[in-house]
Amino acid sequence: MAVSRVCWARAALWGSAGPPGPYVARRLQFVRSGLAWGTPRSSKLHLSPKADVKSLISYVVTKTKVINGKYHRFLGRHFPRFYVLYTIFMKGLQMLWADAKKARRIKTNMWKHNIKFHQLSYREMEHLRQFRRDVTKCLFLGILSIPPFANYLVFLLMYLFPRQLLIQHFWTPKQQIDFLDIYHALRKQSHPEILCYLEKVIPLISDSGLRWHMTELCTKMQRGTHPAIHDILALRECFSNHPLGMNQLHALQMKALSRAMLLTPYLPPVLLRYRLKTHTTVIHQLDKALAKLGIGQLTAQEVKSACYLRGLNSTHIAEERCRTWLGEWLQLSCILKAIQL
């Protein structure tokens with residue numbers, strides 16, 4: 001029997017005999033599969049462990065992208081409003097992470113080459129300034145999320161109060177315009193109060209020529225006329241010394257200025273004065289770096305952001321007008337700095 005089985009196997013392999021029985025066919029199939037599995041792979045097809053890991057990672061990444069795409073399409077079809085919020089949130093996280101990496105590179109370069117903040121380029125200075133403000137908001141949210149189960153309440157607050165709790169990366173395009181208009185309206189509310197304080201200090205000015213210039217300046221602003229550069233330069237002594245120097249301002253005056261610069265006014269007078277000095281110093285350093293760079297090198301968005309930081313609501317103003325206004329601002333800033341030096 002054993003000899004007959006061997007003969008049938010040879011006949012099946014050589015093709016010189018008729019088809020074997022079912023039992024022999026199964027045995028032959030098993031033998032062939034065993035030979036196939038037992039055959040060593042050639043060196044050309046062999047993959048190193050490192051290549052195996054790379055192929056596995058590539059496979060996982062590809063599958064993740066496919067699953068992520070299906071998930072996005074599912075949300076877009078069944079939950080369109082939630083999908084819009086989800087997309088904005090994910091893009092905001094990506095932009096915030098990119099800002100953090102760029103800020104880290106700038107700080108590392110400053111540390112390695114012993115560079116001070118005012119020695120950076122305009123874009124680097126502006127990036128660090130804005131990133132610090134964003135991180136402050138994020139830290140506030142992190143503190144609110146510390147208590148147990150408070151993270152659910154934080155998500156609700158973020159949805160209900162996006163302007164107060166979220167940074168611009170997480171705003172929709174419409175919210176960016178609306179919220180900037182709201183912030184500028186808050187700045188405008190402090191302008192009459194500041195103008196009132198200017199009128200009150202007119203009798204305190206000892207020089208008659210300066211009193212006349214201050215009266216003319218207040219009259220122009222009450223009429224809605226934009227003051228010229230020479231009108232402000234004529235009063236530089238009043239704002240550098242008594243009665244309008246930074247060290248001579250009262251608490252109410254500093255609170256009004258803080259609201260005009262979008263700084264919190266709910267601080268002790270010592271901290272208010274320190275924040276005002278720091279903020280104005282940073283703006284002046286930005287002015288110096290921007291004058292060195294040139295307004296023509298800025299993009300349209302950078303021009304509008306620079307104007308908004310300095311008090312102009314640039315969201316509804318043409319780019320060319322914003323560039324003209326920013327040029328006048330830089331001219332005044334550079335002249336004042338030259339006079340101080």
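As a basis for the values below, the full set of heavy atoms in this structure was taken, side chains included, without hydrogen atoms, waters or symmetry mates.
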Of all heavy-atom pairs between Gln253 and Gln248, which one has the smallest distance, and what is that distance? OE1-O, 4.4 Å
More than 12 heavy atoms of other groups within 6.0 Å of Arg132 CZ: yes
Is the side chain of Lys137 donor-acceptor paired with the backbone N or O of Leu165 at a distance under 3.5 Å, no angle test? no
Run the side chain to side chain contact (heavy atoms under 4.5 Å, CB included) check on Arg321 and Trp325 step by step: do they pass? CA-CA 6 Å; Arg321 185 180 174 188; Trp325 185 90; 5.7 Å; no
Min side-chain heavy-atom separation Leu144-Leu153 under 4.5 Å: no
Minimum side-chain heavy-atom gap Leu180-Gln168 below 4.5 Å: yes
Hydrophobic cluster membership, Leu93 vs Ile167, 4.5 Å side-chain cutoff: yes
Note: Leu244 and Leu198 closest approach over all heavy atoms is CD1-CD2, 3.7 Å
Starting at CD of Glu216, measure out to OG1 of Thr225 and round the result to the nearest 0.5 Å. 11.0 Å
Should we count NE2 of His191 as having more than 12 external heavy atoms under 6.0 Å? yes
When you group the ILVMFWY residues by side-chain heavy-atom contacts below 4.5 Å and let the links chain together, are Phe140 and Leu156 in the same group? yes
Crowding at CZ, Phe239 (>12 non-hydrogen neighbours, <6.0 Å): yes
So, Glu319 and Arg323, do they make that salt bridge, N to O below 4.0 Å? yes
Between His127 and Asp99, is the side chain to side chain contact (heavy atoms under 4.5 Å, CB included) condition met? List the steps. CA-CA 8 Å; His127 183 83; Asp99 288 348; 3.4 Å; yes
Taking 4.0 angstrom as the limit, do Arg123 and Glu302 come out as a salt bridge? yes
Can you list, pair by pair, the side-chain donor-acceptor contacts under 3.5 Å of residues 268-276, counting residues two or more places apart and other chains?
unit_1 : atom_1 : unit_2 : atom_2 : d
Arg273 : NE     : Met246 : O      : 3.1
Arg273 : NH2    : Leu249 : O      : 2.8

Do Leu96 and Tyr86 land in one hydrophobic cluster if side-chain heavy atoms of ILVMFWY residues count as linked below 4.5 Å? yes
If you group Ile, Leu, Val, Met, Phe, Trp and Tyr by side-chain heavy-atom gaps below 4.5 Å, do Phe155 and Phe170 land in one group? yes
Distance (rounded to the nearest 0.5 Å) between Cys307 SG and Leu326 CG: 4.5 Å
NE2 (His169) and CD1 (Ile88) are apart, to the nearest 0.5 Å, by 13.5 Å
Would Leu195 end up clustered with Met214 when hydrophobic side chains under 4.5 Å apart are linked, directly or stepwise? yes
Counting only heavy atoms not in Phe117 (residues, nucleotides, ligands), do more than 12 fall under 6.0 Å from its CZ? yes
For Cys322 and Val303, which heavy atoms make the closest approach, and how far apart are they? CB-CG1, 3.8 Å
Could you check whether Arg163 makes a cation-pi contact with Tyr183, meaning its NZ or CZ is under 6.0 Å from the centre of the six-membered ring and within 45° of the ring axis? yes
Which atoms form the tightest heavy-atom contact between Leu252 and Glu193, and what is the distance? O-OE2, 4.2 Å
Output for pair (Cys138 SG, Leu166 CG), nearest 0.5 Å, gives 8.5 Å
Donor-acceptor side-chain pairing of Asn241 and Glu237 below 3.5 angstrom: no
Side chain to side chain contact (heavy atoms under 4.5 Å, CB included) between Gln175 and Ile182, worked out: CA-CA 10 Å; Gln175 285 177 337; Ile182 293 174; over 6 Å; no
Measuring from Lys174:NZ to Phe179:CZ, what's the distance to the nearest 0.5 Å? 8.5 Å
How close do Leu286 and Arg129 get, heavy atom to heavy atom, and via which atoms? CD1-CD, 3.9 Å
Derivation and outcome, side chain to side chain contact (heavy atoms under 4.5 Å, CB included), residues Asp181 and His316: CA-CA 9 Å; Asp181 288 341; His316 306 285; 2.9 Å; yes
On the six-membered ring of Tyr308, is Arg187 placed so that its NZ or CZ lies under 6.0 angstrom from the centre and within 45° of the ring axis? yes
I need the Thr315 OG1 to Ile317 CD1 distance, nearest 0.5 Å. 7.5 Å
Under the side-chain hydrogen bond (donor to acceptor under 3.5 Å, both in side chains) rule, collect the residues that match up with Gln301, sequence neighbours excluded. Ser305
Which atoms form the tightest heavy-atom contact between Leu263 and Arg133, and what is the distance? CD2-NH1, 4.1 Å
Please confirm whether the backbone N or O of Tyr122 pairs with a side-chain atom of Lys292, one donor and one acceptor, at under 3.5 Å? no
Would you say that more than 12 heavy atoms from the other residues, nucleotides or ligands in this model lie under 6.0 Å from the NZ of Lys304, or not? yes
Which of Lys220, His213, His226 passes side-chain hydrogen bond (donor to acceptor under 3.5 Å, both in side chains) with Asp231? Answer is Lys220
Tell me if a side-chain donor or acceptor on Ser333 pairs with a main-chain N or O of Trp329 at a distance below 3.5 Å. no
